[in-house]
Amino acid sequence: MSVETYAAAGRRIALPAAACPSCGGHLAAWSGYWRFVRDRGECVRIFVRRGRCRSCGITQALLPAFLARNRLDTTEAIGAAIEAVVHGRGMRPVAEALGAPHTTVRGWIRRFATSARRLATGFSALAVELGGAALLPPASTGDWALLAIRAAWRQASALPGWLAVGCWRFVSCVCGGSLLAANTNSPWFFVGRRRFMPPAPRAGGRGGG
C-alpha cells in the first residue's frame with residue numbers, strides 16, 4: 001500500500017502471518033511503536049507493529065517494505081537517489097528533487113558505496129537462484145550492485161505478487177530493511193519461510209563505485 005494509506009490506518013494496520021527471522025517460528029502480534037517517514041518531502045507519522053515469536057520469544061519490528069532501518073525516507077526515494085548518483089547525476093540536484101537534505105543523500109551514497117560489494121554478490125546470486133543468467137560484473141562496484149539488483153528484480157517480478165511491489169521495496173523485503181545498514185545480520189528472506197543466504201564477498205578486487 002502507499003505511505004498515505006498505511007499512515008491513515010494508524011494502529012488498525014492489518015498484517016499477514018509472518019515467520020521469525022531468527023528461528024522460523026510464528027510471530028504473534030506484540031504491540032508496536034510510532035515513527036515518522038518522509039515521503040516526497042513531507043513527514044507523516046505511522047505505526048510500526050512488532051511481533052513476538054512463540055518459539056524463541058524474540059520480538060521483531062515488522063517494517064513495511066517502504067521503510068529502511070534507521071532511515072527517515074522511503075526505500076523508493078533512497079533507491080532513486082542511489083541510481084541517479086551512480087549513473088552520474090550530482091547529489092545536490094538529486095536531493096532537491098527528492099525534498100531531502102544534501103547531507104542526507106550524501107550519507108546514503110557513502111553507505112551504499114560501503115555496502116555495494118555485499119549487495120552485488122548477494123543479488124547476483126539471488127538472480128541466478130531465481131533462474132537468471134550469471135552476471136558479468138562491470139568495472140564499478142556501484143554499477144555492479146545496481147545491475148545485480150535489477151537482474152534479481154526481473155526474475156522475481158515473474159513470480160506471483162512481486163511485480164506490484166516495485167524494485168526498491170523488493171530490495172527492502174529481501175534484505176530485511178538493511179539496504180544501508182552497517183551490517184546485515186538477518187537472513188535474506190524471499191518467499192514464505194524459504195531463506196536465501198547471500199555469499200560473503202571476497203576481500204580485495206574491485207574498488208568502490
Over all atoms of both residues, closest heavy-atom pair of [X] and [Y]:
{"X": "Ala148", "Y": "Ala120", "value": "CB-O, 3.5 Å"}
{"X": "Val48", "Y": "Ala61", "value": "CG1-CB, 4.4 Å"}
{"X": "Ala145", "Y": "Ala116", "value": "CB-O, 3.6 Å"}
{"X": "Arg38", "Y": "Cys43", "value": "CB-SG, 4.0 Å"}

When rounded to the nearest 0.5 angstrom, what is the spacing between [atom1] in [X] and [atom2] in [Y]?
{"X": "Arg154", "Y": "Ile149", "atom1": "CZ", "atom2": "CD1", "value": "12.0 Å"}
{"X": "Leu147", "Y": "Leu136", "atom1": "CG", "atom2": "CG", "value": "9.0 Å"}
{"X": "Leu63", "Y": "Arg35", "atom1": "CG", "atom2": "CZ", "value": "7.0 Å"}
{"X": "Ile13", "Y": "Tyr6", "atom1": "CD1", "atom2": "OH", "value": "5.0 Å"}

Do [X] and [Y] have side-chain heavy atoms sitting under 4.5 Å apart?
{"X": "Leu179", "Y": "Thr75", "result": "no"}
{"X": "Trp30", "Y": "Arg49", "result": "no"}
{"X": "Val37", "Y": "Thr74", "result": "yes"}
{"X": "Leu180", "Y": "Phe112", "result": "yes"}
{"X": "Cys20", "Y": "Gln60", "result": "yes"}
{"X": "Val174", "Y": "Leu126", "result": "yes"}
{"X": "Ile58", "Y": "Arg52", "result": "no"}
{"X": "Leu98", "Y": "Arg40", "result": "no"}

May I ask you to check whether over 12 heavy atoms, not counting those of Arg92, lie within 6.0 Å of atom CZ?
->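 Counting other residues, nucleotides and ligands, CZ of Arg92 stays at 12 neighbours or fewer.
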If you look only at distance, which donor and acceptor atoms sit under 3.5 Å apart when one is on a side chain in residues 79-88 and the other is two or more places apart or in another chain?
{"from": "Glu83", "atom 1": "OE1", "to": "Arg150", "atom 2": "NH2", "distance (Å)": "3.0"}
{"from": "Glu83", "atom 1": "OE1", "to": "Trp168", "atom 2": "NE1", "distance (Å)": "3.1"}
{"from": "Glu83", "atom 1": "OE2", "to": "Arg150", "atom 2": "NE", "distance (Å)": "3.3"}
{"from": "Glu83", "atom 1": "OE2", "to": "Arg150", "atom 2": "NH2", "distance (Å)": "3.2"}
{"from": "His87", "atom 1": "ND1", "to": "Glu83", "atom 2": "O", "distance (Å)": "3.1"}

Output yes when a side-chain donor or acceptor of [X] lies under 3.5 Å from a complementary backbone atom of [Y], and no otherwise.
{"X": "Ser115", "Y": "Arg111", "answer": "yes"}
{"X": "Gln155", "Y": "Leu130", "answer": "yes"}
{"X": "Ser2", "Y": "Thr5", "answer": "yes"}
{"X": "Ser178", "Y": "Cys175", "answer": "yes"}

Name all residues meeting the salt bridge (Lys or Arg N to Asp or Glu O under 4.0 Å) criterion together with Arg50; count only those two or more places apart in sequence or in a different chain, and write none if there are none.
->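 Residues passing salt bridge (Lys or Arg N to Asp or Glu O under 4.0 Å) with Arg50: none at all.
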Decide whether Ser172 and Arg169 meet the rule of one side-chain donor and one side-chain acceptor closer than 3.5 Å.
->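 There is no such pair between these side chains.
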Would you please say whether a donor-acceptor pair under 3.5 Å links the side chains of Trp144 and Ser124?
->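 Trp144 vs Ser124: donor-acceptor pair found between side chains.
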Which class fits the ring pair Trp153 and Phe170: parallel under 30°, tilted 30 to 60°, perpendicular over 60°?
->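 Correct class here is tilted.
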Single-linkage hydrophobic cluster, 4.5 Å side-chain cutoff, [X] and [Y] together:
{"X": "Leu159", "Y": "Phe123", "value": "yes"}
{"X": "Leu146", "Y": "Leu135", "value": "no"}
{"X": "Met91", "Y": "Ile78", "value": "yes"}
{"X": "Tyr33", "Y": "Leu67", "value": "yes"}

Test Thr59 against Leu27 for side-chain contact (heavy atoms from CB on, under 4.5 Å), laying out the working first.
-> CA-CA 8 Å; Thr59 60; Leu27 288 177; over 6 Å; no
Transitive ILVMFWY cluster of Trp34, excluding itself - 4.5 Å side-chain cut-off =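 Same cluster as Trp34: Phe47.
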Do you know which of Asp73, Val3, Leu72 makes side-chain contact (heavy atoms from CB on, under 4.5 Å) with Asp39?
->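 Among the candidates, only Val3 passes.
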